[in-house]
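Okay, structure first, notes after.
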Amino acid sequence: MRRDIRLILVFLALVTGALWAQTKAAAAKEELQRTTGEVGQYGGRLVISQRAEAKTLNPVTAIDRPSREVMYRTQADLIHINRVTQRTEPALAKSWTASNDGLEYALRLRRGIRFSDGQPFNADDVVFSFQVYLDQNVHSPQRDLLIARDQKITVQKADPYTVVFKLARPDAAAERLFDSVVVLPKHLLEKAYHDGTLGQAWSLTTPPGQIAGLGPFRLKNYVPGEQITLERNPYYWKVDAKDNRLPYLNEITFLVVASEDAEAIRFQTGDTDVISRLNSENYALLAKDQQSRGYTLEDLGPGLEYNFILFNLNDDTRGRLPDIARKQAWFREVKFRQAVSAAIDRSDIVRLVYQGRGEPLWAQVTAGNKLWLNTKIPKPARSLNRARELLKSAGFTWNKDGKLGDHNGQLVEFSIVSSSSNSQRMQIANMVQQDLARLGIEVSVVPLEFRSFLERVTQTHEYEAAVMGLVNGDVDPNPEMNVWMSSGATHLWNLGEKKPATPWEEEIDKLMEQQIVTLNYPARKKLYDRVQEIVADELPIICVASPDILVGSKKNLGNFRPAILDPYTLHNVEELFWKPK
Amino acid sequence: MAYLLRRLLHGALVLVGVSVLSFLFVQLAPGEFFSDMRLNPQVSPETIRHLRAQYGLDRALPIRYVRWARSVAKGDWGYSFAYGLPVSKLIWSRARNTLLLTITSALLAWLISIPLGIYAAERRDRWGDRVTVAGSSALLTVPDLLLALALLILAIRTNAFAAGGMTSPDFAELGTVAKIKDVAAHFTLPLAALVLGTLPIFFRHVRAGMIEALALPSIQSARAHGIPRSRILFRYALPAAANSLISLFGFSIATLLSASLLVEVVMSWPGLGPMLLEAILARDLYVVIGAVMLSTFFLVAGNLVADVLLYLSDPRIRRGPA
């Protein structure tokens, strides 16, 4: 009997010892990422405003900016684009290797890390996530990104911590594809996926306990129409230089503030700690109080937004919209577009519309895009003489009142539509109107409500010219394939082309197809440089200007490193901390 | 009882009519919720087509109306495209905040305007009357928007009031007293904007009603009988003026509601206003229709209450042919 007890005791001791050793090993095996920022202090709350309320925390359906701003703070991706360096860096995948042909990527995952609900993360979660994103019936926007241009992706688990991605054709920016494609917790979403209710999962009314992610924060509470508060994820997989687990902040609160101006006011009064997207007018207003109110504003230089004038070159207007079809004879004349471009005073636009906080543009890539800017694109100053010569050589003449007419004697008059809610683009339209008046062209500016504006440009094609802007989500040219390919869904100047309508569009098609499979960066850069040249010469869109990214933060916010890539300010939210005053 | 039923039926008909009209008008607006995505180079046309089909946007209008009506019967009031949630779930939490604001401001505006109106009517054409009438005229000419903005500037300059929202970010951690204080600090400005905006209208109606009532022969004779002034005012004249005031009460709900939507947007009050505005701009159809229906419901309900009050207070209506 006594011996039995002794045996049991020994056995118990062994088991506990083994268990203890195992947990210790598991803890030691937790592969964390060390950051290089300043070592900070724990605690505090960060408040930031949003112009509209987040609609969902579901990574599969979130498409609007406010939802993504909140959701991405709660989730993580495999390979991440560093917003400051604009290059990829390890995230949930601690390292990866690509096969020589660029068709196979093996990603090694961090071991021992956990979701914000404490459940372990492994290759099954990754495989599940990509199964969801690539599922035709789920229709996630990520799918369009992943399988763009007839790409096919398959995902396999090689072992619990290695995942292999196979591509049908090489993709020069394959690593960048992983950015913002977040890894979903299989244990929480598998049921909804199989029930076909994934689209409704993780709405804002879902109890916080049922939502989890691998991001630095997790949902704490939601007050409809007012605020969303996230709390620190205690399991987050990054540590600082002294091995303190990040994030430092206890909470982030997103306040809904209905307008751009109100956002500036709330920042000025100190209600919010960071402001992300200031316009130049509010920047000037807030700049005055920087000292007395204890905040700092920063001008990060031009972002990735390019604003342009677009002429309607769509083919489907004939017969249906005779008046527009008649004017398209001018718009299709490249010398006409070049004359318009030559007549526009871009530096004036930057000075007046953006109060100098912007940059004139002659092609689609802005100076903020360090990796892809073609610095050889000519930047001619405004020249009315050159514009007049171009028009003359294209057969346009001036009547005795100085009004421009075409070879049929028709006066050259057209309208520019723009979105009334974007006051800067409206101002650009008005300045173009004045510039063109000096060439004897009569332009009328038509403000339209945003969605009716979009309807005209993308659906009915009932417009003559438009002022609009696009913002590239990444510095890489790949996400813009649909803008430049003649068959692309955002090939705005001529939508739904069956085959390239012009030789230069054919050339762009070829260059874009080529650059996507060219793995060598300098060779690829050369191809995209040529695209920029064609855009600058042929002017399918007449690029005008790019506004600077303007942000602000309280003075004592540590590690604040805003960048020109979306989301500008909170991309390193895990490192932000409050310095003692 | 028959009167009440008739009124209820009338209200229901108004609601159905408004639902049909708002359905039609919302369709007239160019563009739709998914237009926005067409500009996103990363969303394919197939995805957009699928989403449209999922929400039934590719169906004919009558079919969509029937579907919507069915979802109303289920208590969902249609689905929001943006939130992927039933509209009823979305709207109710905001409507509460709007009601809190409108009901408090209605009560406050009446509490101030009735004594003020009586005071002015009693001292007709004397100094007290002239000053209050001039003040109310001045207020009446100031648009609600300007009023709200002016108050907002006051908040920023003085730092005494919150410059928007309903609660502070640390609200959840506050004690009960601090919570009440916090809401009050946020509540004051929108409330002031609404009360100042509606007060002059109420005040002028009360004053006019009282002047009319004071001129009645019955009141004149009561005065001649030496009945004390306060008793004349509150016991005889006020009930005589009540009829028009009660009708105004029903009407005032509508005025307040529309003013409240505007003030809410300016002051970031988390009510129906900001939500409706966003939904209209985003073409989130069923949210727009839901918010319009709810506002109509408040209006109809307000008028119904007024009708019932009139019925109770005035025997003439009870006996009338209507």
Side-chain angles (χ1 to χ4, degrees), chain A residues 45 47 52-53 55-56 58 61 63-64 139-141 143-145 148 199-200 203-205 220-221 223-227 229 251 253 255-259 262 265-266 268-269 271 421 448-460 468 470 472-473 479-483 488-490 492, chain B residues 29-33 35-51 54 79-85 89-90 92-94 96-97 152-153 155-156 159 162-172 264-275 277-278 281-283:
Chain A
R45 172 207 316 272
V47 184
E53 174 178 46
K55 309 293 184 292
T56 174
N58 187 334
T61 56
I63 183 125
D64 59 299
H139 276 281
S140 73
R143 179 168 185 272
D144 297 333
L145 202 71
Q200 286 84 53
S203 75
L204 288 165
T205 51
K220 186 181 178 199
N221 73 321
V223 187
E226 211 181 338
Q227 51 178 269
T229 298
E251 283 175 8
T253 297
L255 278 188
V256 183
V257 176
S259 72
I265 290 173
R266 301 292 289 271
Q268 188 182 27
T269 54
D271 288 354
S421 57
L448 289 173
E449 191 270 335
F450 183 55
R451 271 169 215 253
S452 52
F453 167 74
L454 283 183
E455 188 76 1
R456 287 193 187 211
V457 173
T458 63
Q459 298 298 112
T460 64
M468 56 191 301
L470 287 175
N472 197 352
E480 292 232 311
M481 284 295 274
N482 279 325
V483 179
T490 26
L492 292 165
Chain B
E32 59 169 41
F33 181 75
S35 308
D36 202 12
M37 288 186 193
R38 290 187 211 280
L39 210 59
N40 186 342
Q42 288 157 34
V43 180
S44 73
E46 289 80 57
T47 304
I48 295 172
R49 215 169 299 139
H50 171 86
L51 286 168
Q54 195 184 326
Y79 259 75
S80 156
F81 306 141
Y83 290 82
L85 282 175
K89 252 189 189 174
L90 278 177
W92 182 236
S93 51
R94 272 104 178 151
R96 268 195 323 231
N97 296 338
L152 210 54
I153 292 172
I156 298 162
N159 263 345
M166 185 166 159
T167 51
S168 300
D170 57 354
F171 186 71
E264 283 174 13
V265 171
V266 176
M267 307 243 179
S268 305
W269 184 260
L272 282 176
M275 180 177 211
L277 182 70
E278 203 195 330
L281 292 178
R283 308 283 191 274

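The sequence lines fix the lettering, A, B, ..., with proteins before strands; numbering per chain opens at 1.
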In terms of heavy-atom proximity below 4.5 Å to chain B, should [X] be classed as side chain, backbone, both, or neither?
| X | result |
| --- | --- |
| A/Ser452 | both |
| A/Val256 | backbone |
| A/Leu470 | side chain |
| A/Leu454 | side chain |
| A/Glu226 | both |
| A/Met481 | neither |

Count the heavy-atom pairs under 4.5 Å between each of [options] and chain A, then report the option with the highest count.
| options | value |
| --- | --- |
| B/Leu39, B/Val265, B/Asn97 | B/Leu39 |
| B/Pro45, B/Pro274, B/Gly84, B/Gly164 | B/Gly164 |
| B/Asn40, B/Asp170, B/Leu277 | B/Asp170 |
| B/Glu264, B/Met267, B/Met275, B/Met166 | B/Met166 |

- Task: Using modelled atom types only, decide if a donor and an acceptor are shared between the side chain of A/Glu53 and the backbone of A/Gly225 within a distance under 3.5 Å.
- Result: yes
- Item | Whether B/Arg283 side chain and B/Pro30 backbone form a donor-acceptor pair below 3.5 Å | yes
Measure the spacing between [atom1] of [X] and [atom2] of [Y] and express it to the nearest 0.5 Å.
| X | Y | atom1 | atom2 | result |
| --- | --- | --- | --- | --- |
| B/Phe33 | B/Leu51 | CZ | CG | 9.0 Å |
| B/Trp92 | B/Leu272 | CH2 | CG | 9.5 Å |
| B/Ile48 | A/His139 | CD1 | NE2 | 11.5 Å |
| A/Asn472 | A/Glu480 | CG | CD | 4.0 Å |
| A/Thr205 | B/Tyr83 | OG1 | OH | 11.5 Å |

Structural part of [X] lying under 4.5 Å from a heavy atom of chain A:
| X | answer |
| --- | --- |
| B/Ser168 | backbone |
| B/Ala155 | neither |
| B/Arg38 | both |

- Message: Any heavy-atom pair between the side chains of A/Met468 and A/Phe453 that's under 4.5 Å?
- Response: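 Heavy-atom side-chain distance check passes, below 4.5 Å.
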- Query: Below 4.5 Å, heavy atoms only, C-beta onward: do A/Gln200 and A/Asn58 meet side chain to side chain?
  - Reply: no
- Task: Identify the heavy atoms of B/Ser35 and A/Glu455 that sit nearest to each other, and give their distance.
- Result: OG-OE1, 3.8 Å
So which of [options] has the biggest tally of heavy-atom pairs under 4.5 Å with chain B?
| options | answer |
| --- | --- |
| A/Gly473, A/Ser140, A/Ser203, A/Pro141 | A/Ser203 |
| A/Arg451, A/Lys220, A/Glu251, A/Arg45 | A/Arg451 |
| A/Gly488, A/Pro479, A/Ala489 | A/Pro479 |
| A/Ile265, A/Thr56, A/Leu204 | A/Ile265 |
| A/Arg266, A/Arg456, A/Gln227 | A/Arg266 |

- Message: Between A/Lys55 and B/Glu278, does any NZ, NE, NH1 or NH2 come within less than 4.0 Å of an OD or OE carboxylate oxygen?
- Response: yes
